[in-house]
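Labels below follow one simple rule: chain letters A, B, ... track the order of the sequence lines, proteins then strands, and each chain is numbered from 1.
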Amino acid sequence: MSLALAVEPPRRASDAEIVDAVVVGTGAGGGPLLMRLAQAGLSVVALEAGRRWNPARDFATDERAQDALFWKDERLSAGADPLPFGKNNSGIGVGGSTLHWTAYAPRAQPDDFRLFSEFGAGRDWPISYDDLAPYYTEVERRLGVSGPNPYPWGPPRDVGYPLAPLPLNGAAELMARGAAAVGLKTSPAPNAALSGTYYQDGVGYRPACSNRGFCQAGCSTGAKGSVDVAFIPLALAAGAELREGCFATGFERNRDGDISAVIYRDACGDQRQRCRYVFLCAGAVESPRLLLMSDLANSSDQVGRNFMAHPGLQIWGVFDELIKPTRGIPGGLISEDTHRPPDADFAGGYLVQSLGVMPVTYVGQLARSEKLWGQTLVDHMAEFNHVAGINILGDCLPHPDNRLTLSDERDGRGLPKPLIAFSNGDNERRMTAHADRLLTALWTAAGARDLKRVQRNAHTLGTCRMGATGDDAVVDADGRSFDIDNLYICDNSIYPSALSVNPALTQMALSLRTADRFLQTTRRSS
Amino acid sequence: MAAPVTALGDLVARTERLLTSDRLTEATRAVLRARMDQRYGPPQLFDEAQMQTLRAVIARLIPAAELVDVVDPAGALDAALVQDEGDGWRYADAPPDQRLHAIGLDALNATALFRFGSSFSDLSPKRQDDLLSLAAAGDPATVGVEAGRWFEELLCALVELYYAHPLVQVSIGYDGMADARGVQAVGLAEVAHESSLGG
């Protein structure tokens, strides 16, 4: 089935022209607002460092070949718990990290936005769940999220998931079995992948998920709701211009201190696009990096600070049952009974997720985490078809010393490489210990043997955080810079707290809200 | 008289059948075909002594001599490092990969010579494993102060190269690449049923 309706070739704005907005990055932060702004009649140019793919033609069902979806420019990783980047958490291309997200799409819960009020730790958001709820609903409809109605956790919803839950794979069934044994309630998870054929205006028909399980290496069928599938075609149809292979390197400013142009590099050299507004949506690494390089928007001294990454302990086991771990949507099952565990000795909480996995990803993670080598490696991998996993995704407290700075090393463009220092704090360690006890008991009860642990922190968050005042935040509740009137930031860098859910669904909701708030509060120039 | 069918020969035949079947999309086929046919020439980054150490290390990290011989992860690693595409990050306290691997291999071999009077590749498997365990712990006396991360980076690079190879994937019964025939079975009952039918 065709994935998208035909679009006209992009119109290229000349250097003399001033467009209403430049959007830097076309991922979960940039894509939805690009659509909304273009549909409101603004002239918008999106700069994407990567390229636009034709998944049906381009995407091989092979992990190494799909490395092309990941950000390859080198980041330097420091701290007590240095984070891997690249395929661990960083995408490139039209669609950004949604090209490789697992499609796991739970909403945050209302108390996630009030961590400081509840625990005296972390930060509150300057917006609430209620501010985001209508946008969650809209994103779930646009992506085509398959999930259970009613959803067992969180506040009641006016509108349910547009599609029934996806079929459960082996890992999901085994997690349900183990959870029942330890008294944990589970449910089929909300996933942004279609459980049936789905039609949307401007997108056309998208097919149901084929269970190939390669979500993290790029969906080739169009069943997964990524930004390039669900938002970009509508943005282009509304007149947005998309420029591939464009890397933003800086800004020009006018006498009033506003940004007057975005400077970027393409295959021909340095270019600039004059604009009235900038939406910086390059992600929690590249957005602060660009601002630090430009020495911009940082009177709070918070740009680059408060780098957060979700505790994401994984426990893997070998089962008698034949599983074939790539089959089916990887995150088939969820429990949010652990959202606020009564026996917690930490602030916040976590969700529990069942896990499928692809073989090269699996063996690489085991190499780093368990240093599995020799005969035990070979014997374990011989049982790959009997492997299944579960993991947590937990809140992470911000710390000013977990931060991104510019290193002394230069990359291929002559720009300073980002240096990210990250260390888990006491809260993350206690949460992980709690989760380890629970997951071990659950997986053992399900029949797992030969348990393996992958210690990891997931996603990149917090480095241009949202707040009530510019004293200790970079953007306000609308995502607007406190320092630069015509600069908005909209990506995972604006999170003041990590939340205890995967960030992409929330980010796309924030993106639509940012566009709406911008349109409401700003007089549109013609 | 027909040549005797070896286990490796049978594996190659099964993998070739998969690569030419309608179970792969064209994009997948192209990638796996190229990887299956890939042969590596003389090393361009590592010197002879480093390659000798590397092959001996691989023999202990991935004890599957026949498959390792065909897949040639040592050649693949050398080629990957020369290409220098990078994977998007490195530990800030480690030198770039090319240098890290050279330092680590040299240090491991030097430690073998110093401690046991022979090159790493001439040691008994037991002594090799002992040194590798120390390297895995980042022991500076074994790998030097700059190469504390070397073992982890080496192991990760090697196993990812190895388990990406079509022969190795088929050998462990992995069939995730074969998605060209539409919706696949999912869930314990369906997967078991598919398997009973020879799928």
**Prompt:** Between A:Glu74, A:Lys87, A:Arg64, which shows the greatest number of heavy-atom pairs under 4.5 Å with chain B?
**Reply:** A:Glu74
**Prompt:** Counting only N and O atoms by type, is there a donor-acceptor contact under 3.5 Å from the side chain of A:Arg327 to the main-chain atoms of B:Ala185?
**Reply:** yes
**Asked** A:Asn169 versus chain B, heavy atoms under 4.5 Å apart: side chain, backbone, both or neither?
**Response** both
**Salt-bridge criterion met for A:Lys72 and B:Asp84 (N-O under 4.0 Å)** = no
**Message:** Looking at chain B, which one of A:Gly364, A:Ala65, A:Ala172 has the largest number of heavy-atom pairs inside 4.5 Å, strictly under?
**Reply:** A:Gly364
**Request:** Below 4.5 Å from any heavy atom of chain B, which atoms of A:Leu372 appear? Answer side chain, backbone, both or neither.
**Result:** backbone
**Prompt:** Which bit of B:Arg29 comes within less than 4.5 Å of chain A, counting heavy atoms only: side chain, backbone, both or neither?
**Reply:** neither
**Item:** Atom CD of B:Gln98: over 12 foreign heavy atoms under 6.0 Å
**Value:** yes
**Request:** Report the residue from B:Val159, B:Ile62, B:Leu154, B:Asp129 that forms a side chain to side chain contact (heavy atoms under 4.5 Å, CB included) with A:Trp373.
**Result:** B:Asp129
**Fill in**
Rounding to 0.5 Å, atoms NZ (A:Lys371) and CG (B:Leu155) come to a distance of 8.5 Å
**Prompt:** Quick one: of A:Ser210, A:Gly86, A:Pro167, A:Pro82, who has the most non-hydrogen atom pairs under 4.5 Å with chain B?
**Reply:** A:Ser210
**Prompt:** Looking at A:Pro418, A:Ser407, A:Gly213, A:Ala367, which has the largest count of heavy-atom pairs under 4.5 Å with chain B?
**Reply:** A:Ala367
**Asked** Would you say the side-chain atoms of B:Asp179 pair up with the backbone N or O of A:Arg212, donor to acceptor, closer than 3.5 Å?
**Response** no
**Request:** Mark yes or no for whether A:Glu173, through its side chain, and B:Leu188, through its backbone, hold a donor-acceptor pair below 3.5 Å.
**Result:** yes
**Request:** Might you point out which heavy atoms bring B:Val31 and A:Ala60 nearest each other, and give the distance in Å?
**Result:** CG2-CB, 4.0 Å
**Asked** For B:Glu26, is it the side chain, the backbone, both, or neither that has a heavy atom closer than 4.5 Å to a heavy atom of chain A?
**Response** neither
**Message:** Report which part of A:Phe384 has an atom under 4.5 Å of a heavy atom belonging to chain B: side chain, backbone, both, or neither.
**Reply:** side chain
**Request:** Return yes when atom CG of A:Asp408 has more than 12 non-hydrogen atoms of other residues, nucleotides or ligands closer than 6.0 Å, and no otherwise.
**Result:** no
**Heavy-atom proximity to chain B below 4.5 Å, by part of A:Phe214** = side chain
**Fill in**
Between B:Ala92 and A:Leu419 the two heavy atoms that sit nearest each other are CB-CD1, 3.7 Å
**More than 12 heavy atoms from other groups under 6.0 Å of CD on B:Gln38** = yes
**Asked** Under a 4.5 Å heavy-atom cut-off, does chain A meet the side chain of B:Leu24, its backbone, both or neither?
**Response** neither
**Complete:** Nearest heavy-atom contact between A:Leu83 and B:Trp89 is O-CE3, 3.8 Å
**Asked** So, for B:Leu61 and A:Leu377, which heavy atoms are closest and what is the spacing to 0.1 Å?
**Response** O-CD2, 3.6 Å
**Complete:** One option among A:Glu321, A:Lys417, A:Met358, A:Gln375 has the most heavy-atom pairs under 4.5 Å with chain B, and it is A:Gln375
**Prompt:** Given the options B:Glu153, B:Glu190, B:Gln184, B:Arg60, which has more heavy-atom pairs under 4.5 Å with chain A than any of the others?
**Reply:** B:Gln184
**A:Thr326 versus B:Gly176, closest heavy-atom pair with distance** = OG1-CA, 3.8 Å
**Asked** B:Arg149 versus chain A, heavy atoms under 4.5 Å apart: side chain, backbone, both or neither?
**Response** side chain
**Message:** At a 4.5 Å cut-off on heavy atoms, which part of B:Tyr162 comes close to chain A: side chain, backbone, both, or neither?
**Reply:** neither
**Request:** Working to the nearest 0.5 Å, report the span between CD1 of B:Ile172 and NE2 of A:His380.
**Result:** 10.0 Å
**Request:** Could you tell me whether the side chain of B:Thr28 and the main chain of A:Thr61 form a donor-acceptor pair under 3.5 Å?
**Result:** yes
**Request:** Go through A:Gln365, A:Arg368, A:Glu63 and name the one with the most non-hydrogen pairs under 4.5 angstrom from chain B.
**Result:** A:Arg368
**Request:** Considering non-hydrogen atoms only, spot the tightest contact between A:Cys209 and B:Val183 and give its length.
**Result:** O-CG2, 4.5 Å
**Prompt:** Out of curiosity, A:Asp62 CG to B:Leu32 CG, how far, rounded to the nearest 0.5 Å?
**Reply:** 5.0 Å
